[in-house]
Amino acid sequence: MEHRRRPSPKWWARLSLLVAAAAIAFLLAVAGARSLTLLGLGVAGLAATAAALWWTLSHHGLLRVLAATLAALLPLAVLVHYAAVGLLWATLLTLGLWALALLTGRAALSAVGRPGGPQHHEAPPPTTPFLVMNPRSGGGKVGRFRLADRARALGAEVAVLDPAHPQDVAELACRAVADGADLLGVAGGDGTQALVAGVAAQHDVPFMVISAGTRNHFALDLGLDRNDPSTCLDALTDGVELRVDLGFIADRVFVNNASFGVYAEVVQSAEYRDDKVRTILQRLPDLLTHHTGPRLTVRAGDTVIDAPQAVLISNNPYQLGDPAGMGRRPRLDTGVLGVVGVTVDNAAQAAGLLRGRHGRGLTALAADEVVVDADAPETAVGVDGEALLLPTPVTCRIAPGALRVRVPRHRPGVPRARPPMNWRALIRLAVAQQQEEREPPGSVGLRHAASGAMDGLASSAGSRRFGWVTLRSRWSLHVTRSGG
């Protein structure tokens, strides 16, 4: 049977460029000189809508109502204008073509990126595994999927937490290791995962994640099945080990992130659990305008972020510049913390956030240590979903390769690193692939060998000194320093 070859990255790159050119040519052909006016009107409408949303969030009363109404009407007004001049269909078709160009362009760049996720290695199965299970996590997934019974059938000792009598899960894990446990695992939320992961790292025993929580961001970035947590138990019999990093905030471990600023302050409110939306709307105006809450200062290497409204410090950087990838970390073993700070003091800066990582109000970098200070003796912090108050200054650091994680050999969702959309990189990819076809086989091999050495050097440097390593083409890397 003849197997069809999958389209190579060069064809995805060429298709993306062709579709993008077609979108521009079509709009020019239909609208002529008016196309620039249409483009300007659309951009202005987006900026004005972002400004109106800022006013909605940062004000109370009548001004909030008027701003919310404006934010809802502005996009409609732009569409009505396009329809009035008979160009709504052309605008929508152009947007569709542009979206297709972006989709195929990202597919091309992703196809030449390095595979995501840490490398696994073989390890013997545990003989005395100990698992902690929270029956309330994820709306009762432990009971719904019969996780405790299935784990016991595989030879694991299982401690099912009693919601009526809170227990110290870290103490349970320490006691289990003292009694001879050679693997620790958790079926629960990310906060519980972090507590037991810290014990596993301290004693250098493997840790197993069972995706029985509500969101399970750590499980997501390990590529585990979040819809059926029972598949995670396969790691007990047919698993492999990964080495991943751990984040520390003061002396506490976090597997995902620590958040400071607006969100952390809001979740501290006693009213938040009873009425989340109302509490957020009530507290946001004063927090966003610095009328309440501490004024933060963030130091990461040579970079200082002054008075941000929100700061997210993550165990390895989150993927930015890709809405589909937000909330995912391509790797968990880069040896650096991800830092994202948002500073918005007025409507103009709010509109500037539409530029993404290029906006003045958004700071994104990576560092091995971050210090968050405040003009108050303590500050609110959300650590893996847990609301805490910590004395200032707060120091966050990374422990590279500190945690051994045992995962199923066959798991569905290992993330692949997706570089940001870059038109120049896309052009170089299309052209470079053409050059490769014309070169003798020996020269192509030498070029690929040089590429591998270059990637290794950049990866090594990126884990120590550099913020973002962005793929520019198959053989070249563009490295942007984050300071230090």
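- Distance CG/L184 to NE2/H203: 8.0 Å, rounded to 0.5 Å.
- When atom types are taken as modelled, the side chain of D384 and the backbone of F254 share no donor-acceptor pair closer than 3.5 angstrom.
- Between G335 and I398 the shortest heavy-atom distance is O-CG2, 3.2 Å.
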Apply side chain to side chain contact (heavy atoms under 4.5 Å, CB included) to E241 and V405, showing your working. CA-CA 5 Å; E241 272 194 24; V405 182; over 6 Å; no
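- With values rounded to the nearest 0.5 angstrom, I210 atom CD1 is found 11.0 Å from S137 atom OG.
- Counting all heavy atoms, side chain and backbone alike, A156 lies closest to L131 at CB-CD1, 3.9 Å.
- Side-chain contact, D245 with N315: no donor N or O sits under 3.5 Å from an acceptor N or O.
- Between the side chain of R406 and the main chain of A123, a donor-acceptor pair closer than 3.5 Å is present.
- Rounding to the nearest 0.5 Å places SG of C174 at 11.0 Å from CG of D179.
- Rounding to the nearest 0.5 angstrom, the gap separating the CE atom in M421 from the OG atom in S16 is 4.0 Å.
- Between D182 and T128, the side chains place a donor N or O and an acceptor N or O closer than 3.5 Å (distance only, hydrogens not considered).
- Using a 4.5 Å heavy-atom cutoff, the side chains of E369 and T395 are in contact.
- For R144 (side chain) and G139 (main-chain N/O), a donor-acceptor pair under 3.5 Å exists by modelled atom type.
- Put simply, the side chain of L183 does not reach to within 4.5 Å of the side chain of F130, judged on heavy atoms.
- Taking CG from L15 and OG1 from T104, the interatomic distance works out to 4.5 Å, rounded to the nearest 0.5 Å.
- Between V160 and N134 the shortest side-chain heavy-atom distance does not fall below 4.5 Å.
- Residues that satisfy the side chain to side chain contact (heavy atoms under 4.5 Å, CB included) test with D228, not counting sequence neighbours, are F145, D225, S230, T231.
- Nearest heavy atoms, L403 versus A197: CD1-O, 3.6 Å.
- Using a 3.5 Å distance cut-off with no hydrogens or angles, the side chains of N316 and T334 do pair a donor with an acceptor.
- We find that D306 and R295 are joined by a salt bridge, their nearest charged nitrogen and carboxylate oxygen being less than 4.0 Å apart.
- Of all heavy-atom pairs between L53 and A71, the closest is CD2-CB, 3.8 Å.
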Exercise. For side chain to side chain contact (heavy atoms under 4.5 Å, CB included), just list the numbers for F218 and L222, CA-CA rounded to whole Å, side-chain angles, deciding distance to a tenth of an Å, and then say yes or no.
Key: CA-CA 6 Å; F218 192 42; L222 289 170; 4.0 Å; yes
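- With contacts defined as side-chain heavy-atom distances shorter than 4.5 Å, the pair R411/V240 qualifies.
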>> What verdict does the side chain to side chain contact (heavy atoms under 4.5 Å, CB included) test give for T237 and L154, after you've listed the backbone C-alpha separation in whole Å, the side-chain angles of each residue and the deciding distance to 0.1 Å?
In response: CA-CA 8 Å; T237 54; L154 294 172; 4.0 Å; yes
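- In this structure, N216 contributes its side chain and G213 its backbone to a donor-acceptor pair below 3.5 Å.
- Using a 4.5 Å cut-off on side-chain heavy atoms (C-beta onward), V394 and I249 make contact.
- Side-chain atoms of Q193 come within 3.5 Å of backbone N or O of V186 as a donor-acceptor pair.
- Remark: side-chain polar atoms of T392 are paired, donor with acceptor, to backbone N or O of P377 under 3.5 angstrom.
- Side-chain atoms of V372 and L296, non-hydrogen and from C-beta on, do get closer than 4.5 Å to each other.
- Heavy atoms only, all atoms of each residue included: W54 and V344 are closest at CH2-O, 3.1 Å.
- Side-chain atoms of T56 come within 3.5 Å of backbone atoms of A52 as a donor-acceptor pair (strictly under, hydrogens ignored).
- Side-chain atoms of I313 and V311, non-hydrogen and from C-beta on, do get closer than 4.5 Å to each other.
- In this structure, the side chains of E265 and T379 come closer than 4.5 Å at one or more pairs of heavy atoms.
- Within the structure, the salt bridge (charged side-chain N to carboxylate O under 4.0 Å, His left out) test picks out the following pairs touching residues 118-132 (sequence neighbours left out): E122-R409.
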Margin query: Apply side chain to side chain contact (heavy atoms under 4.5 Å, CB included) to residues R252 and L195 and explain how you reach the verdict.
Written below: CA-CA 8 Å; R252 183 187 176 106; L195 292 172; 4.2 Å; yes
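- To the nearest 0.5 Å, the span separating CZ on R243 from CZ on R404 amounts to 6.0 Å.
- Between the K141 side chain and the P229 main chain, no donor and acceptor come within less than 3.5 Å of each other.
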